[in-house]
Amino acid sequence: MYGKGILKGLSVTAKRFWTTYWEDTVWFLRRLTGGEKRYYSPEGIARRSSKDARGIFTIQYPEEKLPTPEEFRYIPLLVYDEGDGGQKEVRCTSCGICAKVCPPQCIWIVRTNDPKTGRPVPQPAEFFIDADICMNCGFCAEYCPFDAIKMDHDYEIASYTRNILDLDHLLKSASYYEEIRPQNAAQENEARRAKEAAKAARASA
Ligand code: SF4
Ligand code: SF4
């Protein structure tokens with residue numbers, strides 16, 4: 001009984017092995033007549049990720065990468081809007097809510113103080129996230145009242161040292177955010193516009 005099971009398992013592996021070469025040949029011949037590439041092309045990746053995949057179904061990382069779904073979460077980013085003069089208008093007010101709700105407490109914020117009056121300015125002077133501790137839960141992004149912190153898609157941040165990300169690493173433009181999360185960004189922009197319109201209507205009433 002065991003012998004039969006082992007043979008059956010080996011036959012599945014052998015079938016997958018030979019089908020890979022067979023499919024490579026078929027795709028190569030198709031390519032000669034202007035067909036799509038099996039490797040290093042979005043169509044090839046889509047085919048190998050589908051239920052119709054035959055033979056190899058792995059991705060040749062890092063040359064190939066799986067498309068990232070919009071709701072994929074990795075380390076947070078801080079959004080800034082681009083002002084008319086190209087200046088970075090950081091949305092974060094350093095209110096500290098994200099740091100409070102972060103379950104592993106991996107966010108540190110230093111608020112800006114006015115050098116003359118010593119009064120707090122709603123802007124972060126420093127903002128750190130310990131990426132080695134962050135568990136990618138997205139709570140910070142959920143709770144931020146200013147749409148200032150969002151979950152990034154960039155997962156290629158491995159290093160030989162501790163990954164403590166500062167403002168230089170965390171700040172990314174609103175257009176980058178709109179590119180990686182188009183539906184989320186469109187909904188948030190719409191909600192923000194509606195809020196501003198309601199505020200303007202109240203002020204003029
Ligand atoms: S990212 Fe949002 S929640 Fe966190 S400190 Fe800045 S404004 Fe507050
Ligand atoms: S994603 Fe979760 S763990 Fe990471 S910084 Fe945000 S709240 Fe903290």
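Counting begins at 1 with the first residue of the sequence. For ligands, and for the atoms within them, numbers begin at 1 and follow the listed sequence.
- Put simply, Cys92 gets within reach of atom 6 (Fe) of ligand 1, with an N, O or S atom under 2.8 Å from it.
- In this structure, a donor-acceptor pair under 3.5 Å is absent between the side chains of Tyr177 and Asn184.
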Using the rule given for salt bridge (charged side-chain N to carboxylate O under 4.0 Å, His left out), can you reason through Glu196 versus Lys199, listing the C-alpha separation, both sets of side-chain angles and the distance that settles it, and then say yes or no?
CA-CA 5 Å; Glu196 275 161 20; Lys199 200 173 158 189; over 6 Å; no
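- Atoms of ligand 1 found under 4.0 Å from any heavy atom of Cys95 (numbered from 1 in listed order, with element): 3 (S), 5 (S), 7 (S), 8 (Fe).
- Minimum interatomic distance between Arg48 and Ile56 (heavy atoms only, all atoms of both residues): CG-O, 3.5 Å.
- Which parts of ligand 1 touch Phe146 is read off a 4.0 Å heavy-atom cut-off, strictly below it: atoms 7 (S).
- Within 6.0 Å of CD in Gln183 there are 12 or fewer heavy atoms belonging to other residues, nucleotides or ligands.
- With respect to atom 5 (S) of ligand 1, the closest heavy atom belonging to the protein is Gly96 N, 3.3 Å.
- The line from OH of Tyr143 to SG of Cys98 is 12.5 Å long, rounded to the nearest 0.5 Å.
- Residue-ligand proximity, Ile109 to ligand 1, at heavy-atom distances under 4.0 Å covers atoms 5 (S).
- Listed here is the closest heavy atom pair of Arg54 and Arg38: O-NH2, 2.8 Å.
- Set against the non-hydrogen atoms of Thr93, the atoms of ligand 1 under 4.0 Å away are 6 (Fe), 7 (S).
- Counting only distances under 2.8 Å, and ignoring water, the protein N, O or S atoms around atom 6 (Fe) of ligand 2 are Cys140 SG.
- Tested against Ser94, the residues Pro122, Pro120, Pro124 include a single side-chain contact (heavy atoms from CB on, under 4.5 Å) partner, Pro124.
- Considering all non-hydrogen atoms of both residues, Phe127 and Ile107 come closest at CE2-CG2, 3.7 Å.
- Against a heavy-atom cut-off of under 4.0 Å, Pro104 is close to the following atoms of ligand 2: 3 (S).
- Counting heavy atoms of neighbouring residues, nucleotides and ligands inside a 6.0 Å radius, atom CZ of Phe139 does not exceed 12 of them.
- In this structure, the protein non-hydrogen atom closest to atom 2 (Fe) of ligand 1 is Cys144 SG, 2.4 Å.
- Heavy atoms from other residues, nucleotides or ligands lying under 6.0 Å from OH of Tyr21 number 12 at most.
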